[in-house]
Amino acid sequence: MRELYKQLIVWIEEKQPVKIKTRQGEATFLPVKLYKDARKLFAYNRNMNLINISLDHVVSIEPTRIYGSFDRREKYMVHTR
């Protein structure tokens, strides 16, 4: 687990998207902050919602490559006067 923490810290510093696989499935995230003592990882999902992931339920974490923008939110035009 110590190696995983070291690698996660490097990926956070490099702003490297990661693919996290849990018992429920897998998804791509942009890790932001790691709390070792609470075993929690805070990350943005593809819709740019900040979520926390319990490292107790994680099966694997590996870096991934994103083609295009990580942010898939709809862009709205705002008119001002």
Side-chain angles (χ1 to χ4, degrees):
M1 191 55 88
R2 192 174 298 175
E3 279 296 317
L4 176 65
Y5 289 151
K6 288 180 183 178
Q7 193 60 50
L8 273 171
I9 290 169
V10 170
W11 291 332
I12 290 169
E13 290 173 356
E14 294 176 351
K15 295 180 175 56
Q16 172 70 44
V18 295
K19 185 179 289 187
I20 299 177
K21 185 183 290 187
T22 63
R23 297 179 202 137
Q24 297 173 339
E26 67 179 39
T28 303
F29 298 97
L30 184 63
V32 179
K33 181 77 174 167
L34 173 67
Y35 289 100
K36 295 179 194 176
D37 54 343
R39 297 179 50 84
K40 297 272 184 182
L41 175 68
F42 284 84
Y44 285 107
N45 63 9
R46 293 296 295 260
N47 294 326
M48 296 306 290
N49 295 327
L50 184 65
I51 61 169
N52 64 1
I53 301 165
S54 173
L55 295 178
D56 295 332
H57 304 291
V58 171
V59 175
S60 69
I61 300 175
E62 58 187 33
T64 188
R65 191 161 195 138
I66 301 288
Y67 296 100
S69 174
F70 191 83
D71 185 2
R72 290 197 284 174
R73 292 180 294 178
E74 303 251 344
K75 305 290 186 224
Y76 295 102
M77 186 177 277
V78 177
H79 298 283
T80 58
R81 291 181 187 219

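- Among Thr64, Ile61, Asn45, the one residue that satisfies the side-chain contact (heavy atoms from CB on, under 4.5 Å) test with Phe29 is Asn45.
- Between Trp11 and Glu62, the closest heavy-atom pair is CH2-CA, 4.1 Å.
- For the atom pair CZ of Arg23 and NZ of Lys21, the computed distance is 14.0 Å after rounding to the nearest 0.5 Å.
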Quiz item: Given Leu50 and Lys33, is the side chain to side chain contact (heavy atoms under 4.5 Å, CB included) satisfied, shown in steps?
Solution: CA-CA 11 Å; Leu50 184 65; Lys33 181 77 174 167; over 6 Å; no
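- Pro31 and Pro17 make their closest contact through CD-CA, 4.5 Å (heavy atoms, listed as atom of the first residue, atom of the second, distance).
- Each of Val32, Ile51, Leu8, Val58 was evaluated against Leu41; a single residue qualifies, Leu8, per the side-chain contact (heavy atoms from CB on, under 4.5 Å) test.
- His57 contributes atom NE2, which lies 13.0 Å from atom CD1 of Ile20 (distance to the nearest 0.5 angstrom).
- Distance check: Gln16 CD to Arg65 CZ gives 8.5 Å after rounding to the nearest 0.5 Å.
- Ile12 and Tyr5 fall within the same hydrophobic cluster, where Ile, Leu, Val, Met, Phe, Trp and Tyr residues are linked whenever their side-chain heavy atoms come under 4.5 Å apart, directly or through other members.
- Hydrophobic clustering keeps Val10 apart from Leu34 (ILVMFWY residues linked when any side-chain heavy atoms are closer than 4.5 Å, directly or through intermediates).
- A distance of 11.5 Å separates CG in Leu55 from OG1 in Thr22, rounded to the nearest 0.5 Å.
- Under the 6.0 Å distance and 45° angle rule, Lys40 does not count as a cation-pi partner of Phe42.
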